[in-house]
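Reading through the structure tokens given below for one structure.
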Amino acid sequence: MAELRIEALRGAAIATRLDALAALRIRVFRDWPYLYDGTLAYETKYLQMYVQCPRSLAVLVWDGAQCVGASTVLPLADAPRDMQQPFLDAGLDLAPIDYFGESVLLREYRGRGIGVKFFELREAHARELGLRQCAFCAVERDDGDARKPAGYVGNDAFWHKRGYRKVPALRTTLAWPDVGETASSDKPMTFWLRDLETA
Ligand SMILES: CC(C)(COP(=O)(O)OP(=O)(O)OC[C@H]1O[C@@H](n2cnc3c(N)ncnc32)[C@H](O)[C@@H]1OP(=O)(O)O)[C@@H](O)C(=O)NCCC(=O)NCCS
């Protein structure tokens, strides 16, 4: 396999890669536990939050002309209200928190450290902006769900190892249509947090 190339884009420059980002999200999130039946129309609207935020960062991984991975981040203070709401409800200050969007990588490129790199680059983004905490949210699925593939290993151990802790009190819901559904349904999402060390 040829060497992979990492591209880092900020704010408005992310608009040049919206199609690649959207296609990747739709493909990777179609799998368990997301089961997201995505559309380009929804994606284009959703991804505007990164384009319109001058402090956002999107990291794309390229294998030649193919975008095979991506990861995004923006300050929580610049994120949509529904992402902020659980923090506001808990009386937390949004200002020091960097909000991690998605990390998506095609299956054949997994297991060689790119996921760890995504965390390192987004944590560096937080430090550059003088932010002190990183947060992301993850979907909660029923363990007994028949759609869960046999042998599926989730990301929890990986996230713990990166220093993140699940904060059950910080919860929200996001709506999307599962594969096979005709309408969106609410999915419970729980936030994970990490305090960055201060120098
Ligand atoms: C999450 C994701 C980006 C991780 O990417 P990755 O490049 O495979 O991750 P890495 O190679 O950096 O490995 C991360 C950890 O998982 C472990 N791991 C990776 N592949 C593994 C495998 N097949 N079996 C067991 N462990 C594995 C690695 O050993 C590493 O653990 P370590 O920190 O103890 O070394 C990728 O799996 C993915 O796109 N998943 C689907 C989408 C998703 O769940 N995104 C996260 C929420 S938005």
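Basis for what follows: all heavy atoms, side chains included, without hydrogens, waters or symmetry-related copies. When a ligand or atom number is given, it counts from 1 through the structure's own listing order.
Around ligand 1 you find Val28, Phe29, Tyr34, Glu102, Ser103, Val104, Leu105, Arg110, Gly111, Arg112, Gly113, Ile114, Gly115, Val116, Asn155, Phe158, Trp159, Lys161, each with a heavy-atom distance below 4.0 Å.
A donor-acceptor pair is defined here as one N or O able to donate and one able to accept, closer than 3.5 Å; no such pair exists between the side chain of Lys166 and the backbone of Thr190.
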side-chain hydrogen bond (donor to acceptor under 3.5 Å, both in side chains) between Tyr34 and Glu102: does it pass, once the steps are laid out? CA-CA 12 Å; Tyr34 312 97; Glu102 44 286 303; over 6 Å; no
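Ring to ring, Phe158 and Phe119 are close: their centroids are under 6.0 angstrom apart. Between Phe136 and Trp159, the ring centre distance stays below 6.0 Å.
Taking the side chain as every heavy atom from C-beta outward, Met83 and Met189 never approach each other to under 4.5 Å.
Taking the six-membered ring where tryptophan is involved, the planes of Tyr42 and Tyr46 are essentially parallel, since the angle between them stays under 30° and well short of 60°.
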